Undergrad: 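Below is a structure I'd like to ask you about.
Computed from a predicted structure; not experimentally measured. Labels below follow one simple rule: chain letters A, B, ... track the order of the sequence lines, proteins then strands, and each chain is numbered from 1.
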Amino acid sequence: MSQPKDFGFGEDEKLLRDSARKFLSDTLPVDKLRKLVAGDHVEAYESAVQPLGYDENLWKQIVELGWTTLAIPEEAGGAGMKVVAVAAIAEEAGRAALPSPLIPTLIATAVLCEAKSAAASSALGRIAAGEAASIAITNAQGSWEPTDTDVVASQSGNETTLSGTASFVQDARKVSFFVVSAKNSSGIGLYVVDADAPGVTIRPDQIVDLTRDQARVEFKDVVIAADKVVATDGLEALRRATPSMLVIVAADLCGAAEWQLQTTAEYAKVRTQFDHPLGFFQAVKHPIVNAMIDIDRAKSLTYAAACEIDSEQATAEVAARMAKSAASDAAAFICSRSVQLHGGIGFTWECDVHIYFKRQKHNQMLYGDGIYQRSKLGEML
Amino acid sequence: MSQPKDFGFGEDEKLLRDSARKFLSDTLPVDKLRKLVAGDHVEAYESAVQPLGYDENLWKQIVELGWTTLAIPEEAGGAGMKVVAVAAIAEEAGRAALPSPLIPTLIATAVLCEAKSAAASSALGRIAAGEAASIAITNAQGSWEPTDTDVVASQSGNETTLSGTASFVQDARKVSFFVVSAKNSSGIGLYVVDADAPGVTIRPDQIVDLTRDQARVEFKDVVIAADKVVATDGLEALRRATPSMLVIVAADLCGAAEWQLQTTAEYAKVRTQFDHPLGFFQAVKHPIVNAMIDIDRAKSLTYAAACEIDSEQATAEVAARMAKSAASDAAAFICSRSVQLHGGIGFTWECDVHIYFKRQKHNQMLYGDGIYQRSKLGEML
Amino acid sequence: MARKDTPEQAEFREHCRRWLGENRPAPPAVRLPEMAIEVSTEDHMGYLSDWQNKCWEAGLVGSDYPKEYGGGGNHGFLRIANQEMSKAGTPFLINVIGLGMAAPTILHHGTEEQKRLYLKPLLAAEEIWCQGFSEPGAGSDLASAQTSAVRDGDNWIINGHKVWTSLATFSKWMILLARHSNDHKYNGLTYFVAPIADTPGVTVRPLIKITGGTGFNEVLFEDVVISDNMRLDEIGKGWTVAMTTLTHERGAAEGAGSGGGAGVEERIEGLVALAKKTPRGNGTAWDDPVLRDRIIQVAIRANGLRQTMRRGRVEGLIDHPMRLPLQGKVVMTELMQDAAAIGMEIAGAASSLYIRDENAPDQGDWPLGYMNSYGMTIAAGTSEVQRNILGERVLGLAKSK
Amino acid sequence: MARKDTPEQAEFREHCRRWLGENRPAPPAVRLPEMAIEVSTEDHMGYLSDWQNKCWEAGLVGSDYPKEYGGGGNHGFLRIANQEMSKAGTPFLINVIGLGMAAPTILHHGTEEQKRLYLKPLLAAEEIWCQGFSEPGAGSDLASAQTSAVRDGDNWIINGHKVWTSLATFSKWMILLARHSNDHKYNGLTYFVAPIADTPGVTVRPLIKITGGTGFNEVLFEDVVISDNMRLDEIGKGWTVAMTTLTHERGAAEGAGSGGGAGVEERIEGLVALAKKTPRGNGTAWDDPVLRDRIIQVAIRANGLRQTMRRGRVEGLIDHPMRLPLQGKVVMTELMQDAAAIGMEIAGAASSLYIRDENAPDQGDWPLGYMNSYGMTIAAGTSEVQRNILGERVLGLAKSK
């Protein structure tokens with residue numbers, strides 16, 4: 001399929017994006033976000049279990065707006081929209097630093113869509129009905145390779161049971177089920193496990209990022225019903241879903257980076273030192289411009305990769321890894337400059353920049369940072 | 001041996017260095033250098049054989065001043081000074097972008113000193129008597145590994161003959177003999193070969209750098225007398241000499257980089273644009289400051305490495321590779337900024353900066369650039 | 001939203017493809033330089049002006065200019081012609097300063113007579129144009145130009161010294177920024193089209209570049225008399241007219257009709273090819289993960305530039321109208337510079353070998369390209385000035401000067 | 001030339017070594033923070049002020065200050081004591097602002113009475129000091145301080161808002177830069193030593209850092225009355241006195257008596273150790289050549305910093321007297337920042353885990369250290385201001401502001 005020049009970003013996608021942006025800026029302006037996630041710094045970092053810091057009511061509205069069902073095929077009850085639309089929504093989530101299970105649900109959707117089984121359709125139906133999900137496919141070492149999992153699926157007659165621990169599970173405390181990868185006799189299987197299923201224990205991590213939660217999820221002889229076996233051989237599905245996973249996180253990175261850029265530029269306009277606005281000084285102006293150039297590169301590559309997935313290009317993985325590499329590096333740079341150029345105030349809890357800084361450092365590493373993506377690209381070029 | 005805090009850079013070394021600096025600034029100011037190496041740009045790059053562009057008379061004075069015999073042991077007719085003194089002289093050669101066989105002769109001396117044989121002593125005696133020399137140990141691929149050579153030494157009875165080609169031989173047309181590495185039955189041998197010996201053909205390269213010459217040296221059944229066999233097993237000598245080789249080139253890099261720094265800073269003081277001297281603008285000031293920081297790091301590491309060689313530290317190779325890595329990278333950066341910040345004039349042949357730019361790009365790669373040194377360090381740390 | 005071809009445009013695109021397919025010229029005896037501004041021999045000049053002339057005759061050059069000035073009288077055809085020439089990989093158009101800078105300026109600021117007089121021979125490459133803005137004392141700060149224009153009846157007397165005038169040795173005309181008054185920095189400037197071939201008092205001298213190559217020139221004016229009808233727009237409007245020129249110059253970095261962005265992707269392909277053919281240890285330089293990481297970094301930047309140009313035409317994905325267009329020049333030229341520097345690192349010892357050395361990797365193109373890259377990061381607004389422009393015009397930061 | 005110890009100095013060095021060997025304190029129950037300015041609990045404060053007091057009694061603190069002010073009355077002993085404390089790896093000295101900034105300023109600008117009053121308790125850590133320079137509107141541009149000092153007979157009335165006052169919650173005294181006149185930016189400033197513990201009108205409020213930690217404070221002055229004999233030097237000389245303080249602050253970055261440069265080398269060792277213990281593929285992160293190249297780059301910078309400090313004492317190898325000393329702060333703090341960033345890259349997914357997570361690599365020190373590093377690149381003259389200073393004072397470039 002040839003690629004549309006406009007990345008497939010047409011009127012529908014623009015409308016969706018514009019309304020999402022408006023909704024989030026109306027319902028979650030940054031002062032409300034700060035109260036939500038950073039209102040009490042002691043609680044944020046010192047309590048035994050970090051607070052969830054998210055607004056369930058807002059989440060319900062998001063579900064009603066249909067953001068979680070965008071990419072679900074129409075036959076499974078979704079809107080069947082393109083990855084480019086998913087990317088646009090993820091970008092808005094990043095711009096608002098939205099605390100919610102939206103990103104993991106979009107990623108779980110991408111995996112389930114690739115699995116193409118009755119169990120997958122049924123799980124997609126649950127998402128279409130408003131449930132949130134997260135993938136649980138990472139081992140304790142934090143390997144991003146889909147072959148690496150610490151969970152084992154054992155077969156005994158017709159009964160499948162899962163044992164082991166999935167680590168670095170995103171927003172685990174906000175979702176109702178997990179899509180779990182586990183080693184089985186055919187390789188790597190994919191299984192749907194309810195968060196409240198017997199034998200499942202969610203052990204929250206203490207993390208830096210205030211806008212999400214993360215956990216180790218333990219499985220102790222968790223029985224998997226036959227209709228929750230998404231795939232006995234699920235490696236290919238995971239691999240095919242990888243470009244979408246990367247694009248979704250890259251888009252989140254781009255949206256948040258744009259907020260960081262604009263906020264830093266704005267500060268450079270209003271803050272005066274040595275009788276000039278900060279932006280007068282090239283030591284301030286030029287790094288901000290460099291950040292803008294980085295962000296624009298990442299944004300362009302992200303939409304291009306989304307479009308390659310949509311047009312089923314064989315090179316979609318190359319495009320997506322380029323996008324994630326560019327977005328991770330762009331975020332790392334604007335993180336660094338947004339704090340530095342805000343000076344003393346940028347170093348404080350009361351300034352908003354740290355909320356984005358922390359989300360971005362998390363996103364930067366998630367599913368592999370720039371170095372990792374480029375090492376994968378080296379095998380492909 | 002413990003290391004002196006002053007790197008062993010005492011009064012004698014300071015006197016030597018100060019007199020060398022004065023001698024070169026008196027006898028080879030930059031306008032004279034320009035006439036010597038870049039006076040006629042057509043000849044420099046378009047004639048069949050590049051002109052040598054060096055002043056034989058100046059070279060004779062340098063020999064008389066004893067710079068080439070600094071590191072030769074007193075018993076072989078030299079001054080027996082420390083590597084830190086050699087580094088100081090190499091730094092001054094770099095500062096003046098001196099076209100001469102000084103650097104290769106200092107490097108050949110380091111190799112011969114490590115070989116510790118009668119033939120080596122005899123060759124050192126020739127250098128002490130005023131001859132210039134260069135090592136010929138690099139293959140056509142430009143490998144910096146001492147095990148890689150395209151020259152083969154064959155033994156037939158008592159007669160040794162060399163065949164093959166040494167590539168990237170520095171200042172080949174300015175020296176009277178080569179120290180050649182060749183594969184033999186014991187591994188890698190080292191041999192002294194006169195530049196005008198039968199069977200030796202010097203094929204000059206056309207190179208970018210205007211301040212030196214480089215050639216492939218072909219050996220066709222070149223007969224080596226027994227008293228010119230420096231070592232039948234010379235690999236260890238080459239390895240032990242490596243830190244000195246690297247320190248000498250690093251010092252040359254530092255000296256030239258300091259010239260580039262000061263020249264660029266000076267231009268930023270006198271050139272006015274937008275009603276301010278260029279240096280007013282942080283887009284000019286800060287890169288120059290960054291270059292200074294890089295250069296100071298390289299300089300400190302170079303003297304530290306020289307001192308480690310002098311105090312026979314086992315870690316001398318680590319120190320020398322750190323120095324060469326830092327010096328190569330510092331040079332690459334100031335090269336880039338010296339041209340860019342000189343603007344239009346920096347892009348012209350008539351501006352002096354290109355002479356140093358080209359010497360530095362050559363030095364940057366010589367015996368391995370920063371990436372190469374760090375990959376070697378990775379094996380050692 | 002991406003522009004879609006109208007039926008007329010689609011037909012024209014088809015025409016371009018067919019014509020370019022049928023009329024691709026044989027390569028010249030000696031390899032062409034990378035860019036028009038590097039052309040330095042009569043042979044290349046003849047070859048390339050013939051080619052542009054043919055393209056003009058076929059309607060591929062000047063397609064959007066009015067017919068009465070030698071154009072095709074169409075709309076949105078220029079972009080298509082450029083895209084197709086770029087795709088076809090045919091030689092670049094030689095009158096690059098004329099097409100990219102002089103023609104749009106004349107069209108915008110010229111009198112009817114001036115448009116009739118200058119545009120057609122420019123489009124047809126019958127008359128080559130060069131640019132006279134920079135001076136030894138006025139580089140980034142163009143408005144400090146000191147070349148003087150003194151009114152003398154119906155004439156002006158020009159005295160001064162212009163530098164970096166690419167193509168001046170072949171040019172009949174120069175767009176000239178001169179100072180008629182010292183009372184005001186900006187309003188003291190007036191803009192002319194000056195005849196420089198066989199003109200008494202004009203001396204064109206080649207400037208030698210850092211590479212040893214020519215291509216740039218300096219042009220000296222000593223009591224040169226030019227007629228007042230060679231003045232473009234009003235007296236004192238020189239800076240405004242120059243801004244029109246420079247706006248187009250920046251666009252020209254995207255490569256109007258001259259291969260353009262292709263240079264970047266070719267550079268990256270060349271880099272990968274160099275790494276894969278350069279022996280290193282038991283393998284090649286491509287097997288060195290650190291070098292490979294650097295190569296892939298620039299490959300990502302190159303693809304990013306391509307996708308940014310694509311995004312620049314999708315209205316819904318643009319944050320600010322000038323944000324992407326104003327980036328093109330600095331992003332492309334710094335990318336070319338960094339790519340060439342990495343090429344030298346890959347070549348290692350052999351990066352010392354220059355263009356006439358038979359063993360030089362890629363005929364010495366990496367050190368040559370690296371040195372030439374500084375022409376690109378300095379000319380047409382240094383990277384430093386470009387960053388000021390981006391910070392000020394796009395992000396609204398305070399002016400730095 | 002490296003300084004050689006005189007016989008007296010050699011003896012003192014021997015004393016330091018012996019004493020430190022015999023008196024190393026047991027570690028406190030809860031791990032100490034990295035730096036004095038991060039101390040936030042009474043326990044740590046008690047432990048550390050006891051330690052400094054012991055060191056002072058043993059002659060290791062204040063050794064170069066005159067005896068009449070509580071010092072040792074020696075010459076060149078301070079450097080030796082600092083070197084030996086650094087080598088011994090004993091706890092840092094808590095009264096870091098006092099020792100590094102207040103004491104030299106008082107010694108240089110104070111009256112005889114002031115010196116007798118303030119120095120001994122400062123050296124003995126009986127009274128902790130903090131610094132009141134920065135304000136919400138005066139960060140890099142310190143001279144724009146607005147905190148006002150209005151003369152009232154023999155007293156001054158202070159009103160204003162100081163920020164970034166490390167150790168303020170434990171401090172008895174603050175060195176205070178205040179404005180007695182709005183007529184002149186620089187000459188309108190006067191310098192005081194202000195009592196801030198239990199002083200009516202003074203409010204100390206902790207500022208929470210990006211890390212969630214405390215350590216910094218803001219101090220509000222509302223009609224606070226201080227005596228004129230707490231003024232340091234003349235009215236209107238505040239900026240000059242502040243320059244004395246800041247000169248010592250920059251030197252303090254080299255780590256007067258508080259472990260100093262050791263922090264950098266430990267950071268690098270920690271980085272290598274982290275890479276070697278972090279599994280990656282079939283090996284460890286250390287086997288990733290790209291990460292290893294980055295680690296070695298910072299290792300080279302760290303060794304470079306150490307060797308530069310060494311070179312800074314070799315007269316024959318110095319190009320300009322201030323060139324190396326003025327680099328220390330920016331080089332060290334940016335190196336620490338970059339090292340911590342690489343640590344996060346090595347940790348990968350696990351870099352998300354923070355200081356109270358049992359699985360966090362190195363107890364979450366990499367994200368914590370990375371965030372804290374911005375305190376270092378911002379405070380005591382941002383990196384941007386440091387580069388101005390280097391360009392202007394060392395290279396003689398035009399002032400940027």
Side-chain angles (χ1 to χ4, degrees), chain A residues 3-7 9-11 13-15 17-18 84 88 258 261-262 264-266 268-269 272 276-282 284-290 292-305 307 318-319 321-323 325-326 329 370-371 373-375 377-379 381, chain C residues 1-4 268-269 272 275-276 286-297 299-320 323-324 326-328 330-331 334-335 383-392 394-401:
Chain A
Q3 290 182 64
K5 284 181 190 161
D6 65 355
F7 307 104
F9 192 86
E11 279 308 313
E13 289 73 17
K14 187 172 181 311
L15 264 171
R17 195 271 318 271
D18 290 350
V84 78
E258 185 68 29
L261 171 70
Q262 296 299 341
T264 308
E266 194 52 37
K269 285 182 222 174
T272 294
H276 289 285
L278 284 189
F280 165 85
F281 299 102
Q282 291 172 326
V284 173
K285 175 182 287 166
H286 287 199
I288 295 178
V289 167
N290 289 341
M292 177 174 77
I293 289 172
D294 286 356
I295 291 166
D296 277 321
R297 174 186 307 126
K299 216 181 274 189
S300 304
L301 287 167
T302 298
Y303 281 92
C307 179
V318 168
R321 292 203 186 278
M322 284 193 171
S325 169
D329 289 357
I371 294 177
Q373 303 304 340
R374 291 192 297 275
S375 81
L377 284 166
E379 298 162 14
L381 293 180
Chain C
M1 303 259 291
R3 301 181 205 158
K4 273 203 176 157
I268 303 301
E269 283 166 23
V272 174
K276 287 185 174 173
W286 181 251
D287 300 317
D288 178 333
V290 181
L291 278 175
R292 200 164 59 199
D293 185 73
R294 292 205 183 186
I295 296 167
I296 294 172
Q297 283 184 43
I300 292 172
R301 285 164 61 191
N303 192 24
L305 178 59
R306 189 154 71 94
Q307 301 302 343
T308 286
M309 287 179 181
R310 180 178 170 195
R311 181 159 67 90
R313 293 189 283 268
V314 185
E315 190 235 321
L317 292 175
I318 295 171
D319 300 276
H320 178 288
R323 181 164 157 174
L324 300 183
L326 286 176
Q327 282 178 33
V330 65
V331 170
E334 292 188 344
L335 173 54
S383 294
E384 291 78 8
V385 167
Q386 299 290 343
R387 288 192 166 83
N388 282 349
I389 292 172
L390 282 161
E392 292 157 18
V394 177
L395 294 170
L397 302 175
K399 276 191 177 291
S400 286
K401 33 177 215 231

Undergrad: When rounded to the nearest 0.5 angstrom, what is the spacing between CG in C/Leu317 and CZ in A/Arg17?
TA: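 Interatomic distance, C/Leu317 CG to A/Arg17 CZ, rounded to 0.5 Å: 6.0 Å.
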Undergrad: If you measure from CG on A/Leu377 to CD1 on C/Ile295, what distance do you get to the nearest 0.5 Å?
TA: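 Spacing of CG (A/Leu377) from CD1 (C/Ile295) equals 12.5 Å.
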Undergrad: With heavy-atom distances below 4.5 Å as the criterion, would you say the side chains of A/Arg297 and C/Leu305 are in contact?
TA: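 Contact flag for A/Arg297/C/Leu305 side chains = no.
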Undergrad: Residues in side chain to side chain donor-acceptor pair (under 3.5 Å) with C/Glu269, at least two apart?
TA: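 In terms of side chain to side chain donor-acceptor pair (under 3.5 Å), with neighbours along the sequence ignored, C/Glu269 is linked to no residue.
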Undergrad: Specify which of A/Asp296, A/Ile293, A/Ile371 makes the most heavy-atom pairs with chain C at under 4.5 Å.
TA: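 The candidate making the most pairs under 4.5 Å is A/Asp296.
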Undergrad: For the residue pair A/Gln282 and C/Arg387, establish whether any side-chain heavy-atom pair is separated by less than 4.5 Å.
TA: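 No; the side chains remain at least 4.5 Å from each other.
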Undergrad: Just so I know, are the side chains of C/Leu397 and A/Leu278 near enough to count as touching, which here means a heavy-atom distance under 4.5 Å?
TA: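 No, side chains not in contact.
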Undergrad: So C/Val314 and A/Tyr303, do their side chains get closer than 4.5 Å, heavy atoms only?
TA: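 No - every pair of side-chain heavy atoms lies 4.5 Å or more apart.
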Undergrad: Would you call C/Arg292 and A/Arg374 a side-chain contact if the rule is heavy atoms closer than 4.5 Å?
TA: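 When only atoms from C-beta onward are counted, A/Arg374 and C/Arg292 do not touch, as no gap falls below 4.5 Å.
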Undergrad: Could I get the full list of ring pair (Phe, Tyr, Trp, His ring centres under 6.0 Å) partners for A/Phe7, not counting sequence neighbours?
TA: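 By the ring pair (Phe, Tyr, Trp, His ring centres under 6.0 Å) rule, A/Phe7 matches no residue at all.
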Undergrad: Name the option with the most non-hydrogen atom pairs under 4.5 Å to chain A; the candidates are C/Asp319, C/Val331, C/Val394.
TA: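 Between C/Asp319, C/Val331, C/Val394, the count favours C/Asp319.
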Undergrad: Are the side chain of C/Arg310 and the backbone of A/Ala304 linked by a donor-acceptor contact shorter than 3.5 Å?
TA: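 It does not hold such a pair.
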Undergrad: Do NZ/NE/NH1/NH2 and the carboxylate oxygens of C/Arg323 and A/Glu258 come within less than 4.0 Å?
TA: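 Yes, this pair counts.
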Undergrad: Are C/Val272 and A/Leu381 close enough, and set up right, to give a side chain to side chain contact (heavy atoms under 4.5 Å, CB included), and what steps lead you there?
TA: CA-CA 9 Å; C/Val272 174; A/Leu381 293 180; 5.9 Å; no
Undergrad: For A/Phe280, does its backbone N or O pair with a side-chain atom of C/Ser400 as donor and acceptor, under 3.5 Å?
TA: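 Yes, C/Ser400 side chain to A/Phe280 backbone: donor-acceptor pair under 3.5 Å.
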Undergrad: Is A/Gln373 in contact with chain C via its backbone, its side chain, both, or neither, using a 4.5 Å heavy-atom distance?
TA: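 Contact with chain C is absent: no heavy atom of A/Gln373 under 4.5 Å.
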Undergrad: Quick one: CG on A/Asn290 to CG on C/Leu390, what's the gap to the nearest 0.5 Å?
TA: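 One finds 9.5 Å between CG of A/Asn290 and CG of C/Leu390.
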Undergrad: Highest number of heavy-atom pairs under 4.5 Å with chain A: which of C/Gly304, C/Ala299, C/Gly312, C/Pro289?
TA: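 That would be C/Gly304.
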Undergrad: Could you check which of C/Glu392, C/Arg311, C/Lys276 has the highest count of heavy-atom pairs closer than 4.5 Å to chain A?
TA: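 The candidate making the most pairs under 4.5 Å is C/Arg311.
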Undergrad: Please tell me if the side chains of A/Arg321 and C/Ile300 come closer than 4.5 Å, counting only heavy atoms from C-beta onward.
TA: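 No; the side chains remain at least 4.5 Å from each other.
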Undergrad: Chain C heavy atoms under 4.5 Å from A/Leu261: which part of the residue, side chain, backbone, both or neither?
TA: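 Contact with chain C involves the side chain of A/Leu261 alone.
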Undergrad: Would you mind checking which part of C/Val330 comes under 4.5 Å of any heavy atom in chain A, side chain (CB onward), backbone (N, CA, C, O), both or neither?
TA: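 The side chain, not the backbone.
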Undergrad: So C/Gln327 and A/Met292, side chain to side chain contact (heavy atoms under 4.5 Å, CB included) or not? Walk me through it.
TA: CA-CA 9 Å; C/Gln327 282 178 33; A/Met292 177 174 77; 4.1 Å; yes
Undergrad: What part of A/Lys285 gets closer than 4.5 Å to chain C, counting heavy atoms only: side chain, backbone, both or neither?
TA: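 Contact with chain C: backbone and side chain both.
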Undergrad: So for C/Arg306, is it side chain, backbone, both, or neither that comes closer than 4.5 Å to the heavy atoms of chain A?
TA: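 Neither part.
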Undergrad: Can you measure from CZ (C/Arg301) to CE (A/Met322) and round to the nearest 0.5 angstrom?
TA: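 Spacing of CZ (C/Arg301) from CE (A/Met322) equals 13.0 Å.
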